[in-house]
Visitor: 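First, the structure itself, so that you have it in front of you.
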Amino acid sequence: MITEVKLNELRDRVKAIVNNEGFELYHIEYVKENNEFYLRIYIDSESGVTINNCVDITKKLSSDYLDVEDPIDEAYYLEISSPGIERILYTEEHYRRYLNHEVKVALSKLHCGKKKVVGVLKDFNENEIIIEGEEVWTIPTEKIKRIKLKGEF
């Protein structure tokens, strides 16, 4: 596994390349699943992301950085994709961008008798989020397993 410092360096380089191609780096993760390593890079843009965009970014990242400098020691699979319509919110910037949008919150521990809450993200800080739905919930951040946009078609 790569260290957090190495992942931050990787993130900075990938972000520069992705931004230069006209996309936003939404999220990057390096994970091990079923004894295989995956470098997952999620890109976004106001006009959306197509499969061809993902192919182009894959080629660009490989030819300009990953295959040239080989920053990851072990073998891994590279996956480039859109964060999707029901995107996970990872950062404070994501929370800010999607204030007043409907979200689904999965909790790691019961909160007010619930493990899932659906409602509008009204506010947040480092300690809690406020969701307005059937009622208003103030949920401590340490109880949040995942928060996703509730996609609309």
Side-chain angles (χ1 to χ4, degrees), residues 1-33 37-61 64-66 72 76-153:
M1 279 303 269
I2 61 177
T3 66
E4 190 64 31
V5 170
K6 188 77 162 178
L7 185 60
N8 287 334
E9 291 172 12
L10 188 68
R11 180 180 294 111
D12 291 343
R13 290 293 303 274
V14 167
K15 181 178 181 179
I17 293 168
V18 168
N19 290 351
N20 194 49
E21 294 301 307
F23 294 90
E24 168 198 353
L25 176 62
Y26 185 83
H27 184 66
I28 185 171
E29 62 187 11
Y30 188 74
V31 295
K32 186 175 185 180
E33 295 175 358
F37 290 99
Y38 293 86
L39 175 59
R40 291 197 178 111
I41 299 170
Y42 299 91
I43 60 172
D44 204 7
S45 80
E46 287 187 20
S47 59
V49 175
T50 68
I51 188 93
N52 289 335
N53 297 143
C54 294
V55 170
D56 292 343
I57 294 294
T58 298
K59 289 177 184 175
K60 190 71 174 166
L61 283 171
D64 288 4
Y65 175 51
L66 297 173
I72 301 173
Y76 63 93
Y77 293 99
L78 175 62
E79 295 180 354
I80 310 289
S81 70
S82 158
I85 195 164
E86 289 197 347
R87 60 192 58 203
I88 296 172
L89 307 185
Y90 294 101
T91 66
E92 183 177 309
E93 164 59 28
H94 295 159
Y95 283 48
R96 191 177 304 103
R97 182 184 305 170
Y98 296 109
L99 275 174
N100 298 310
H101 285 76
E102 195 166 19
V103 295
K104 298 189 285 189
V105 183
L107 303 171
S108 57
K109 301 175 185 172
L110 280 177
H111 182 72
C112 300
K114 295 185 173 275
K115 285 278 278 188
K116 292 182 182 178
V117 174
V118 177
V120 176
L121 178 61
K122 296 308 278 184
D123 201 5
F124 69 93
N125 60 45
E126 63 187 40
N127 299 315
E128 61 193 20
I129 65 170
I130 298 174
I131 303 292
E132 189 176 289
E134 298 168 2
E135 56 188 276
V136 176
W137 292 282
T138 300
I139 303 170
T141 53
E142 74 264 2
K143 289 188 177 183
I144 298 172
K145 182 176 178 179
R146 179 178 50 251
I147 182 168
K148 297 170 67 171
L149 280 185
K150 185 168 187 252
E152 296 178 10
F153 294 98

Visitor: Can you tell me how far apart CG (Leu61) and CG (Leu39) are? Round to the nearest 0.5 Å.
Guide: 8.5 Å
Visitor: When rounded to the nearest 0.5 angstrom, what distance separates CD in Glu4 from CG in Leu10?
Guide: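 CG of Leu10 is found 11.0 Å from CD of Glu4.
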Visitor: Before you tell me yes or no, could you show the steps for Thr91 and His94 under side chain to side chain contact (heavy atoms under 4.5 Å, CB included), namely the whole-Å CA-CA distance, both residues' side-chain angles and the distance that decides it to 0.1 Å?
Guide: CA-CA 5 Å; Thr91 66; His94 295 159; 3.3 Å; yes
Visitor: Check this for me, if you would: do Glu92 and Arg96 make a salt bridge, where the nitrogen-to-carboxylate-oxygen distance has to be below 4.0 angstrom?
Guide: yes
Visitor: With sequence neighbours left out, what residues match Glu29 under side chain to side chain contact (heavy atoms under 4.5 Å, CB included)?
Guide: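 Result, side chain to side chain contact (heavy atoms under 4.5 Å, CB included) vs Glu29: His27, Val31, Arg40, Tyr42, Tyr90.
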Visitor: What pair of heavy atoms forms the shortest contact from Ser81 to Cys54, and how long is it?
Guide: CA-SG, 3.7 Å
Visitor: Taking only distance into account, with no hydrogens and no angle test, what donor-acceptor pairs under 3.5 Å do side-chain atoms of residues 116-134 form with protein atoms, sequence neighbours excluded?
Guide:
unit_1 : atom_1 : unit_2 : atom_2 : d
Lys122 : NZ     : Asn100 : OD1    : 2.9
Asn125 : OD1    : Asn127 : N      : 2.7
Asn125 : OD1    : Glu128 : N      : 3.0

Visitor: Would you tabulate the side-chain donor-acceptor contacts of residues 44-51 under 3.5 Å, counting partners in other chains and residues two or more places apart, or write 'none'?
Guide:
unit_1 : atom_1 : unit_2 : atom_2 : d
Asp44  : OD2    : Arg87  : NH1    : 2.4
Ser45  : OG     : Ser47  : N      : 3.4
Ser45  : OG     : Ser47  : OG     : 3.3
Ser45  : OG     : Gly48  : N      : 3.2
Ser45  : OG     : Gly48  : O      : 2.6
Thr50  : OG1    : Asn52  : N      : 3.3
Thr50  : OG1    : Asn53  : N      : 3.0
Thr50  : OG1    : Asn53  : OD1    : 3.0

Visitor: Go through the structure and list residues passing side-chain hydrogen bond (donor to acceptor under 3.5 Å, both in side chains) with Asp64, not counting sequence neighbours.
Guide: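 Result, side-chain hydrogen bond (donor to acceptor under 3.5 Å, both in side chains) vs Asp64: Lys60.
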Visitor: Answer yes or no: is there a side-chain heavy-atom contact under 4.5 Å between Tyr98 and Val103?
Guide: no
Visitor: Taking only residues two or more places apart in sequence or in another chain, which ones pass side chain to side chain contact (heavy atoms under 4.5 Å, CB included) with Lys115?
Guide: Leu110
Visitor: Please list, chain by chain and in numerical order, all residues satisfying side-chain hydrogen bond (donor to acceptor under 3.5 Å, both in side chains) with His101, sequence neighbours excluded.
Guide: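 Applying side-chain hydrogen bond (donor to acceptor under 3.5 Å, both in side chains) to His101 gives none.
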Visitor: Sequence neighbours left out, what passes side chain to side chain contact (heavy atoms under 4.5 Å, CB included) with Arg11? Give chain and number order.
Guide: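 Result, side chain to side chain contact (heavy atoms under 4.5 Å, CB included) vs Arg11: Leu7, Asn8, Leu25, Ile28.
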Visitor: Taking only residues two or more places apart in sequence or in another chain, which ones pass ring pair (Phe, Tyr, Trp, His ring centres under 6.0 Å) with Tyr38?
Guide: Tyr77
Visitor: Apply side-chain hydrogen bond (donor to acceptor under 3.5 Å, both in side chains) to Glu24 and list each qualifying residue two or more places apart in sequence or on a separate chain.
Guide: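 Testing Glu24 for side-chain hydrogen bond (donor to acceptor under 3.5 Å, both in side chains), a comparison that skips the adjacent residues, returns Arg97.
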Visitor: Would you say the side chain of Tyr30 lies within less than 4.5 Å of the side chain of Lys6, judging by non-hydrogen atoms?
Guide: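 Contact flag for Lys6/Tyr30 side chains = no.
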Visitor: Please name all residues satisfying side-chain hydrogen bond (donor to acceptor under 3.5 Å, both in side chains) with Lys104, sequence neighbours left out, ordered by chain then number.
Guide: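 If we apply the side-chain hydrogen bond (donor to acceptor under 3.5 Å, both in side chains) test to Lys104, skipping adjacent residues, the hits are Glu86.
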Visitor: Working to the nearest 0.5 Å, report the span between CD1 of Ile41 and CD1 of Ile80.
Guide: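 The distance works out to 4.0 Å.
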Visitor: Please enumerate all residues that pass side chain to side chain contact (heavy atoms under 4.5 Å, CB included) together with His111, with sequence neighbours excluded.
Guide: Leu107, Ile139, Pro140, Lys143
Visitor: With side chains defined as the heavy atoms from C-beta onward, is the minimum distance between Phe37 and Ile2 less than 4.5 Å?
Guide: no
